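In what follows, chains are A, B, ... by sequence order, proteins preceding strands, each numbered from 1. Being a predicted model, the structure only gives us computed values, none of them experimental.
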Number of protein chains: 2
Amino acid sequence: MATMRDVAERAGVSIATVSFVVNNTKPVTDSTRKRIEEAMAELGFRRNSVARALASRQTRILALVYPALEHHLSTSGIEFITSAAREARSNDYHLVVWPVSNDAAELADLVGQGLVDGVLLMEVQLADPRVGVLQSLDSPFVLIGRTAEPSGLDYVDIDFDESIRRCVDHLWDVGHRNIALISGDQRVPSFERYGPYVRMEDAFRRIAAERHFEPVVLNTRSGAKYGREIALELSRTHPQASGVVIFGEPTVTGLLAGLRAAGRRVPDDVSVVAALAAADIAYTTDPPLTTLTSPGVELGQLAVRALLRRLSGGEPLPPELRCGEFLPGESTAAPPHVAPSA
Amino acid sequence: MATMRDVAERAGVSIATVSFVVNNTKPVTDSTRKRIEEAMAELGFRRNSVARALASRQTRILALVYPALEHHLSTSGIEFITSAAREARSNDYHLVVWPVSNDAAELADLVGQGLVDGVLLMEVQLADPRVGVLQSLDSPFVLIGRTAEPSGLDYVDIDFDESIRRCVDHLWDVGHRNIALISGDQRVPSFERYGPYVRMEDAFRRIAAERHFEPVVLNTRSGAKYGREIALELSRTHPQASGVVIFGEPTVTGLLAGLRAAGRRVPDDVSVVAALAAADIAYTTDPPLTTLTSPGVELGQLAVRALLRRLSGGEPLPPELRCGEFLPGESTAAPPHVAPSA
DNA sequence: CTGAAAGCGCTTACAG
DNA sequence: CTGAAAGCGCTTACAG
């Protein structure tokens with residue numbers, strides 16, 4: 001591999017001047033720039049990114065941290081990663097994946113290596129020990145999600161309030177008055193005070209209060225298997241619930257299978273809205289699910305932008321909350337024995 | 001951040017000696033080792049990985065290359081990535097994600113930066129231009145998948161032959177004689193001569209010849225939507241097909257929805273086997289799918305090991321072909337109008 | 001067993 | 001506009 005020294009020699013200039021044209025960081029006469037560019041082309045020069053990182057004190061590498069053991073990555077999680085990696089690349093950054101546990105020590109160890117300029121933190125808990133670690137190490141970071149008190153922190157997150165509102169509104173509008181939310185199970189260790197669960201439930205209760213209906217909230221672990229089980233529980237404990245908003249891609253497909261197994265027809269007996277799922281999910285189910293999609297792609301991009309802004313030393317970007325798209329399907333209809341409201 | 005120089009000063013030794021204990025690369029007396037370790041602890045020393053990379057000429061970073069635009073990452077793709085990242089970490093390596101197109105120039109550009117010690121190449125085509133690039137750049141690499149002529153190359157791949165055989169055997173054993181394979185669509189540009197499609201179809205035809213049945217092969221783009229469509233096409237063009245082996249996670253769920261929409265019962269009218277899907281998929285469908293799982297986790301680990309072996313300069317690891325697990329579900333049964341063979 | 005020193009390939013004040 | 005030189009924080013022959 002040709003180095004800057006090789007290029008400089010061939011072009012008859014100093015390596016500093018080569019650096020100036022490679023990085024376009026100082027004015028250089030057209031003629032010497034041309035000589036240097038020719039030399040680079042002839043030698044097939046490629047700037048060594050490690051040497052640059054050491055000298056410039058920035059690696060142009062970002063880390064994506066997610067607790068892989070504890071949280072299965074959903075389709076939207078995948079979209080998020082791919083989107084973040086792509087946004088990073090288009091800014092000449094790299095993205096490393098750190099599937100570390102939700103444990104602060106390992107994260108501190110990794111950040112301490114000095115390999116990355118900043119960190120994207122996925123699956124944030126309301127009280128997340130990793131935030132303190134990052135702050136004390138003085139490492140720039142952006143949360144995907146947010147803590148209980150995120151003021152002053154950079155974050156992008158799903159707008160749970162608006163998301164749940166749209167799902168409930170849809171059910172309400174077609175006539176449902178007995179609406180249940182199926183959220184996640186906070187008793188699972190790494191999901192204690194898990195932001196999405198808490199925020200969805202809060203939003204749901206708030207909306208129920210506004211609308212004067214009795215909120216039914218069930219909690220289940222994530223996974224198709226558990227979705228199947230919760231379908232049975234719902235039918236047993238809340239047979240009157242005619243509309244269901246459910247979070248989690250694998251869980252909702254399990255729910256449909258479970259409802260069918262329990263002899264309950266969708267949407268004739270029960271209407272189901274899949275909240276924050278992939279758009280594709282409607283095609284995978286019968287009937288096609290009414291879906292509020294997850295804004296994974298958008299959040300991935302926004303998160304990287306916020307982090308890059310922070311790295312540039314510029315004015316931090318304001319937090320962003322995003323909602324997915326509402327895609328009507330065939331899993332929702334008027335409740336049984338009730339005429340839809342005009 | 002404390003540097004080796006700081007540690008050396010505090011311990012009253014040279015930085016070389018500090019390096020020897022940090023890397024455990026030369027014998028050091030117990031007493032001076034102890035002094036150095038104390039100094040490191042007191043200063044909270046963490047070795048700077050960028051400086052090490054420059055000096056030692058290895059970054060200990062691996063790249064995972066996948067054409068994100070062209071190929072949607074499936075659940076097993078994610079399992080693969082997470083598994084690879086974890087195996088890398090447990091060997092003190094990092095994994096960067098390069099969602100680059102299937103285009104050789106961009107890959108050459110990235111590798112030329114010298115950021116990574118080696119490359120994992122996903123979604124390999126039978127004639128893959130990226131292989132030549134990597135060879136000419138002299139960059140160690142491992143294929144996930146393989147080209148038409150992979151001899152001499154390091155690779156890990158799914159054992160398509162055995163996978164398809166297991167799926168067909170299962171259908172055959174319960175009495176099916178009209179068996180169809182639903183594979184991918186090679187007319188889609190980035191899937192031309194895509195290894196998995198070609199190999200599955202070849203295997204299927206070979207098995208059909210052995211068993212003396214007429215192989216039906218349909219091709220469809222990947223995605224739930226297309227799965228739905230292919231269900232209709234299958235019913236129209238091959239109504240006699242009583243058993244179906246289908247590849248692709250989103251596609252199979254679409255197929256089930258489409259079959260139901262077409263009024264065909266699973267497994268009473270048609271038996272369906274999901275080949276190389278996530279184990280979880282059975283829970284998401286009604287009936288639960290009979291599934292041959294994808295060995296994503298195992299392959300991720302094997303691929304990284306093969307690459308690390310190559311980097312170590314040791315004897316290359318032999319290629320590995322892996323099959324998933326066969327998980328009987330409820331989507332397969334004896335064909336209609338035919339008693340199962342004793 | 002330990003140290004002095006060169007060097008990895010760049011960037012970046014500083015001078016001119 | 002261009003160059004000489006220090007320095008980023010390590011590793012690694014080479015000596016002793």
Backbone N/O of [Y] and side chain of [X]: donor-acceptor pair under 3.5 Å:
| X | Y | value |
| --- | --- | --- |
| Thr29(A) | Thr32(A) | no |
| Arg60(A) | Asn91(A) | yes |
| Thr82(B) | Glu79(B) | no |

message = Under a 3.5 Å cutoff, is there a donor and acceptor pairing between the side chains of Asp128(B) and Thr147(B)?
response =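 No pair is found: no donor N or O on one side chain lies under 3.5 Å from an acceptor on the other.
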Exercise. For residues Arg47(A) and Asn23(A), is any side-chain donor paired with an opposing acceptor at under 3.5 Å?
Worked result: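 Yes, because at least one side-chain N or O of Arg47(A) sits under 3.5 Å from a partner of the opposite role on Asn23(A).
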Check ion pair [X]-[Y] (N to O, under 4.0 angstrom):
| X | Y | answer |
| --- | --- | --- |
| Arg322(B) | Asp159(B) | no |
| Glu9(B) | Arg5(B) | no |
| Glu106(B) | Arg89(A) | yes |
| Arg309(A) | Glu315(A) | no |

So, for [X] and [Y], which heavy atoms are closest and what is the spacing to 0.1 Å?
| X | Y | value |
| --- | --- | --- |
| Met122(B) | Pro67(B) | O-CD, 4.0 Å |
| Val21(A) | Met40(A) | CG2-CE, 4.2 Å |
| Gly145(B) | Tyr155(B) | O-CB, 3.3 Å |

Under the rule of Watson-Crick or G-U wobble with both distances under 3.5 Å, where | means paired to another strand and [ ] a crossing pair, DNA chain D maps to |||.||||||||.|||
**Residue from Val133(A), Leu64(A), Leu107(A) passing side-chain contact (heavy atoms from CB on, under 4.5 Å) with Leu121(A)** =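 Exactly one option meets the side-chain contact (heavy atoms from CB on, under 4.5 Å) with Leu121(A), and it is Leu107(A).
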Candidate list Val156(A), Leu95(A), Ile81(A), test side-chain contact (heavy atoms from CB on, under 4.5 Å), partner Leu120(A), passing option: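 Only one of Val156(A), Leu95(A), Ile81(A) forms a side-chain contact (heavy atoms from CB on, under 4.5 Å) with Leu120(A), namely Leu95(A).
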With a 4.0 Å heavy-atom cut-off, tell me which residues in [range] come close to DNA chain C, sorted by residue number.
| range | result |
| --- | --- |
| residues 25-34 of chain B | Pro27(B), Val28(B), Thr29(B), Thr32(B) |
| residues 43-56 of chain B | Leu54(B), Ala55(B) |
| residues 14-22 of chain A | Ile15(A), Ala16(A), Ser19(A), Phe20(A) |

Mind checking what makes side-chain contact (heavy atoms from CB on, under 4.5 Å) contact with Arg310(A), not counting sequence neighbours?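 Result, side-chain contact (heavy atoms from CB on, under 4.5 Å) vs Arg310(A): Pro140(A), Asp154(A), Pro316(A).
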Between which nucleotides of DNA chain D, read 5' to 3', does contact with chain A run, using atoms under 4.0 Å from its heavy atoms?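 It runs dC1(D) to dG9(D).
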